[in-house]
Amino acid sequence: MENQKKSSILLFVLFLILSVSSIAFGQLKTDFYKNTCPNVESLVRSAVRLKFQQTFVTAPATLRLFFHDCFVRGCDASMLLASPNGKAEKDHPDNLSLAGDGFDTVVKAKAAVDSDPKCRNKVSCADILALATREVVAMTGGPFYPVELGRRDGKISTLTSVQHQLPGEGFNLDQLNTMFARRGLSQTDMIALSGAHTLGFSHCNRVSKRLYNFSPKSSIDPTLNKAYVAQLKQMCPLRVDPRIAINMDPTTPNTFDNAYYKNLQQGKGLFVSDQILFTDSRSRNTVNFFASNNDAFKQAFATAMTNLGRVGVLTGNQGEIRFDCTRPN
């Protein structure tokens, strides 16, 4: 009886959490700024395009920043907050590899939005990041999807809140699914969002274990394609500078496409958490489907990005509209 009571309470608490989340994202809408800042999308687009023309890194950096922000405390731009004593989310070891160009993209887009007197201090940094992310996806060949708006900015950013909140490169399918499910994201969402690894780069220290020290039985991860191993070892020899960059997608690193899934079929996933999507039979069918159908992948990615953009959002009177994206008002 006691256990039954505990189960009921737990279910009720879970129901409350999910209800509050759905009420929050229920307040998001694509035309949220139609009266206050009707041209917000074109203002953000122009600023992002300018930044993208300066450096391609703008695209993967902004996309990754959005993902990391939403996974820690929800999509509230808390990842952008700076701390004088190095104790903000962005200072956590898991976030130190976030490229500065992602942060700079949001700062520049915010300045562009605020340069319109009608829009000044009306649009949240969280919404600007969501819009900028859609722009970089579209600019590199990915889908142009509608972005729900109305998020407010968080006032809190702590180092400790990042702990165990981001997927690791060594995760298996169960660990990935558990982490994504906690945020209301399905396995299909997770596989589609992993496709963002079609852009950008990682570093040698993130992959050296798979090349030189995988397990007592095998120094090389047996799921890795042999030719790909040779290629990676050339770029990441033993004792190389761990900060050397390597493309996540060895075939079309500057194009948002389904090559990521075709690579997985050939044993060319850079991380264990990439390759597991093909080696685990429970997710293989989805990988094969996305590999064979670029449009289906893009559609699934757009849906997953909408779902990701609803995670833990602050709306209504919660949070604030930050005047400066790097510090609370």
Side-chain angles (χ1 to χ4, degrees), residues 21 57 59-83 86-103 105-106 125-126 129-130 132-133 136-137 151 154 156-210 242-243 245-246 248 260 269-277 280 283 301 304-305 307-314:
S21 309
V57 179
T62 305
L63 181 51
R64 195 156 168 252
L65 179 60
F66 180 66
F67 181 86
H68 278 231
D69 182 55
C70 290
F71 258 57
V72 180
R73 304 188 80 91
C75 312
D76 67 346
S78 53
M79 194 63 69
L80 292 157
L81 289 172
S83 154
K87 296 224 171 120
E89 287 172 27
K90 64 189 287 195
D91 303 308
H92 190 277
D94 289 351
N95 291 321
L96 291 177
S97 63
L98 289 171
D101 288 302
F103 295 91
T105 300
V106 181
C125 300
L129 174 56
T133 302
V136 297
V137 167
R151 296 169 195 78
I156 301 162
S157 181
T158 64
L159 201 67
T160 49
S161 58
V162 183
Q163 209 64 27
H164 311 303
Q165 297 303 313
L166 292 162
E169 64 263 23
F171 270 24
N172 63 29
L173 189 69
D174 290 325
Q175 289 171 304
L176 287 167
N177 277 336
T178 301
M179 184 165 273
F180 279 73
R182 263 193 239 135
R183 290 156 180 84
L185 300 164
S186 67
Q187 177 173 287
T188 304
D189 287 334
M190 181 271 291
I191 298 168
L193 290 169
S194 299
H197 285 172
T198 178
L199 296 177
F201 54 87
S202 186
H203 300 92
C204 287
N205 62 333
R206 297 283 184 185
V207 76
S208 61
K209 188 176 191 289
R210 293 187 80 196
R243 293 164 302 179
I246 30 176
M248 295 293 301
Y260 168 80
L270 189 64
F271 295 156
V272 168
S273 58
D274 292 315
Q275 196 55 50
I276 199 71
L277 303 179
D280 195 309
S283 46
F301 184 82
M305 286 297 278
N307 293 336
L308 175 63
R310 295 169 172 174
V311 173
V313 292
L314 303 172

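All heavy atoms count here, side chains included; hydrogens, waters and symmetry mates do not.
Across every non-hydrogen atom of Ser202 and Phe271, the tightest pair is OG-CZ, 3.4 Å. Residue His164 comes nearest to Arg182 through the heavy atom pair O-NH1, 4.3 Å, listed as atom of the first residue, atom of the second, then distance. Across every non-hydrogen atom of Phe301 and Ala192, the tightest pair is CD1-O, 3.3 Å. Closest of all the heavy-atom pairs between Asp69 and Asp76 is OD2-N, 3.2 Å. The two residues Asp91 and Gly86 make their nearest non-hydrogen contact at OD2-C, 3.0 Å. Nearest heavy atoms, Phe71 versus Leu166: CB-CD2, 3.7 Å.
In this structure, Phe180 and Phe67 have tilted ring planes: the angle between them lies in the 30° to 60° band.
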(message) Go through it in stages, so that I can follow the logic: the residues are Lys90 and Leu98, the test is side chain to side chain contact (heavy atoms under 4.5 Å, CB included), and I'd like the CA-CA distance, side-chain angles, deciding distance and then a yes or no.
(response) CA-CA 8 Å; Lys90 64 189 287 195; Leu98 289 171; 5.6 Å; no
(request) Just do the side chain to side chain contact (heavy atoms under 4.5 Å, CB included) check on Val162 and His68 with the steps written out, would you? (result) CA-CA 9 Å; Val162 183; His68 278 231; over 6 Å; no
(request) Kindly determine whether Asp189 and Leu308 satisfy side chain to side chain contact (heavy atoms under 4.5 Å, CB included), including the steps that lead there. (result) CA-CA 9 Å; Asp189 287 334; Leu308 175 63; over 6 Å; no
(request) For the pair Leu314 and Arg151, evaluate side chain to side chain contact (heavy atoms under 4.5 Å, CB included) and give the outcome as yes or no after the intermediate values. (result) CA-CA 6 Å; Leu314 303 172; Arg151 296 169 195 78; over 6 Å; no
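Looking only at side-chain heavy atoms (C-beta outward), Thr158 and Arg73 come within less than 4.5 Å of each other. When side chains are defined from C-beta on, Lys209 does not count as touching Glu169, because their heavy atoms never get closer than 4.5 Å. Using a 4.5 Å heavy-atom cutoff, the side chains of Leu199 and Met248 are not in contact. Leu80 places a side-chain heavy atom less than 4.5 Å from the side chain of Phe103. Counting only heavy atoms from C-beta outward, the side chains of Arg206 and Leu270 never approach each other to under 4.5 Å. Looking only at side-chain heavy atoms (C-beta outward), Leu65 and Thr105 stay at 4.5 Å or farther from each other.
Inspection of the Ser78 and Glu89 side chains reveals an N or O donor paired with an N or O acceptor under 3.5 Å. Donor-acceptor pairing under 3.5 Å is recorded for the side chains of Gln165 and Arg183.
Taking OG of Ser83 as the reference point, atom CG of Leu159 lies at 8.5 Å (rounded to 0.5 Å). Distance CG/Leu176 to CG/Leu277: 6.5 Å, rounded to 0.5 Å. One finds the CZ atom of Arg64 at 13.0 Å from the CG atom of Asp101 (value rounded to the nearest 0.5 Å). To the nearest 0.5 angstrom, Ser161 atom OG is 13.5 Å from Lys87 atom NZ. Asp280 contributes atom CG, which lies 4.5 Å from atom OG of Ser283 (distance to the nearest 0.5 angstrom). The CG atom of Leu129 lies 7.5 Å from the OG1 atom of Thr62; values are rounded to the nearest 0.5 Å.
Between the side chain of Gln275 and the backbone N or O of Val272 there is no donor-acceptor pair closer than 3.5 Å.
Between Phe201 and His203, the ring centre distance stays below 6.0 Å.
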